[in-house]
Number of protein chains: 2
Amino acid sequence: MSATQSTLGKQMQAPNLGDTTYEELRDRLTRGVYRPGDKLTVRSVAEALGVSSTPARDAINRLVADNSLVYAGPKTVIVPVLTEADLREITYIRLALEGLAAELAMERRQPEDVENLMEIQTKINSALLAKSYAAALWHNKEFHFLVYRLSGMPHLVAMIEAQWLRVGPSFYGLYPHFAEERQGVRNHQMAIEAMMDGDRGALRAAFENDIREGYRQLRSGLLDGRIRS
Amino acid sequence: MSATQSTLGKQMQAPNLGDTTYEELRDRLTRGVYRPGDKLTVRSVAEALGVSSTPARDAINRLVADNSLVYAGPKTVIVPVLTEADLREITYIRLALEGLAAELAMERRQPEDVENLMEIQTKINSALLAKSYAAALWHNKEFHFLVYRLSGMPHLVAMIEAQWLRVGPSFYGLYPHFAEERQGVRNHQMAIEAMMDGDRGALRAAFENDIREGYRQLRSGLLDGRIRS
DNA sequence: CGGCTTCTTTTGTTGCAACAAAATGTGAAG
DNA sequence: CTTCACATTTTGTTGCAACAAAAGAAGCCG
């Protein structure tokens with residue numbers, strides 16, 4: 001279970017323990033193992049992942065570097081509890097970056113890509129019906145990043161993924177409420193149709209809509225404290 | 001000499017040696033101390049900066065994490081030698097991010113900001129006239145980031161800075177040729193005027209033009225090998 | 001003289017321990 | 001019951017040494 005992990009197609013060198021720990025922590029973050037406000041210490045991570053303190057520290061530092069974890073005090077790193085301002089900024093960045101990726105994806109799409117997209121959407125629908133929200137969340141991510149990867153720009157995709165990682169834990173806490181009221185299905189459908197038609201503007205609009213809807217949901221969840229730790 | 005350094009207004013904790021080393025390396029990278037293709041080793045950095053291997057390794061890892069340094073082999077990190085594809089991707093990202101920042105800056109600008117901008121532009125002109133290209137480069141960065149910071153979005157600014165850091169070393173190698181033929185002065189002038197008029201689209205266009213011109217220069221410099229190590 | 005193999009040196013990785021500083025728990029006083 | 005000060009514990013930092021692996025140099029064979 002790791003679809004969008006090794007996003008960067010860079011010169012691959014033997015992955016070291018620090019990288020492994022980093023990936024594992026990322027995974028747990030997106031899976032909702034840790035919730036906003038949870039504290040992460042070097043030693044606890046080291047023990048939980050079965051490594052020594054050095055790679056554990058490496059991993060935490062990297063997560064902090066890309067804001068997937070934040071400092072709550074001089075010696076305490078926690079899973080970020082998003083403020084309204086944070087959410088607003090992330091949304092603007094997402095609109096710019098994911099909008100760009102979507103437009104670029106249009107030029108490189110293959111017929112089979114649309115097929116795959118529809119297939120993933122089927123999985124999302126099934127998962128929602130079965131109330132398997134974790135699975136729905138997963139396939140939703142698959143849907144988006146299948147498109148983004150089509151842009152052919154690995155760093156762009158990595159930057160987008162970093163933003164998803166920032167909202168991930170908060171997002172997870174909002175389920176299943178979010179999935180229930182969700183109209184994302186409609187946005188996805190529009191994205192698929194836009195892709196078939198080759199309508200670049202429509203594709204971007206579909207994704208922007210999806211992002212904006214997520215923003216509204218998350219924001220209202222934030223305001224009445226449904227998310228906090 | 002450090003204008004755009006502590007971009008993130010996050011919860012400040014006592015900066016540790018690793019952070020210091022990271023900042024110092026960043027500075028040297030933007031200053032052209034290291035050139036594309038140069039190899040950086042843990043021990044050499046540790047000695048050069050007068051720290052032990054642990055913080056040196058921390059710093060290098062962080063630089064690699066945000067692509068300011070790249071792997072050339074399993075055990076060799078070098079200052080990136082940009083490919084045409086790299087440059088293209090960076091430019092797209094810059095257009096999206098810096099365009100966004102410029103638009104947002106418009107809403108928060110104060111009259112004094114325009115003053116400061118004009119002041120910086122004067123410094124750029126003087127530096128160009130005196131052929132002090134390093135200074136011109138520096139003030140150019142000041143100009144851009146003064147605007148970007150007005151967006152009020154610290155993470156956005158940090159992401160933009162990361163992109164600048166990627167092209168920094170290659171850019172530096174292109175001087176003074178770049179500065180000579182430069183029409184950036186005109187773009188900056190248009191940006192200032194757009195800001196006075198409150199014309200958001202014009203402000204964005206001015207910055208996009210600047211980015212695109214830089215792209216063309218850098219690309220042609222890349223193609224006839226004026227940049228390589 | 002060129003290409004390949006082998007050997008030496010360099011280099012990243014990782015675990016660990018000592019240190020300093022912050023966080024937490026405890027208790028007393030108001 | 002709250003608040004503040006103190007003591008204890010937890011936690012991040014950092015230097016270092018041993019290990020493994022890769023890079024670079026030297027030598028050998030074709």
If I take atom CG in residue D19(A) and atom C1' in nucleotide dT14(C), what distance separates them, rounded to the nearest angstrom?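 One finds 13 Å between C1' of dT14(C) and CG of D19(A), rounded.
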
In this structure, how many angstroms lie between the P atom of dA23(D) and the OH atom of Y71(B), rounded?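 It works out to 12 Å between those atoms.
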
Which pairs, protein N/O on one side and nucleotides 16-20 of chain C N/O on the other, fall under 3.5 Å?
residue	atom	partner	partner atom	Å
dC16(C)	N4	T54(A)	OG1	3.3

With R212(A) via side chain to side chain contact (heavy atoms under 4.5 Å, CB included) - residues at least two apart: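 Side chain to side chain contact (heavy atoms under 4.5 Å, CB included) check on R212(A) returns L95(A), E208(A).
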
Mind checking what makes side chain to side chain contact (heavy atoms under 4.5 Å, CB included) contact with E89(A), not counting sequence neighbours?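 Expected list: I93(A), M153(B), P154(B), H155(B), L156(B).
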
Once salt bridge (Lys or Arg N to Asp or Glu O under 4.0 Å) is applied, do any residues pair with E84(A), and if so which ones, sequence neighbours excluded?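 Result, salt bridge (Lys or Arg N to Asp or Glu O under 4.0 Å) vs E84(A): R219(A).
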
How would you list, by chain and number, every residue that makes a salt bridge (Lys or Arg N to Asp or Glu O under 4.0 Å) with R28(B), sequence neighbours excluded?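 R28(B) satisfies salt bridge (Lys or Arg N to Asp or Glu O under 4.0 Å) with E24(B) only.
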
I'd like to know if the side chain of S44(B) and the backbone of L40(B) have a donor-acceptor N/O pair within less than 3.5 Å.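 It does not hold such a pair.
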
Closest non-hydrogen atom pair, T30(B) against D27(B):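 Shortest heavy-atom separation between T30(B) and D27(B) comes out as OG1-O, 2.8 Å.
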
Could you check R108(A) against D113(A) for salt bridge (charged side-chain N to carboxylate O under 4.0 Å, His left out), going step by step and ending with a plain yes or no? CA-CA 10 Å; R108(A) 297 170 149 258; D113(A) 295 323; over 6 Å; no

For DNA chain D, what residues of residues 56-63 of chain A have any heavy atom nearer than 4.0 Å?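 DNA chain D contact set from residues 56-63 of chain A: R57(A).
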
State whether R166(B) and D66(B) are salt-bridged, where the test is any N-O pair (Lys NZ or Arg NE/NH1/NH2 against Asp/Glu carboxylate O) under 4.0 Å.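 Judged by the 4.0 Å cut-off on N to carboxylate O distance, R166(B) and D66(B) do not form a salt bridge.
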
Specify the residue among G50(A) and T41(B) whose closest nucleotide of DNA chain C lies further upstream toward the 5′ end.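 Closest to the 5' end, via its nearest nucleotide, is T41(B).
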
Within the pair K39(B) and dG12(C), is there a side-chain N or O less than 4.0 Å away from OP1 or OP2?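 No, K39(B) has no side-chain N/O under 4.0 Å of OP1/OP2 on dG12(C).
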
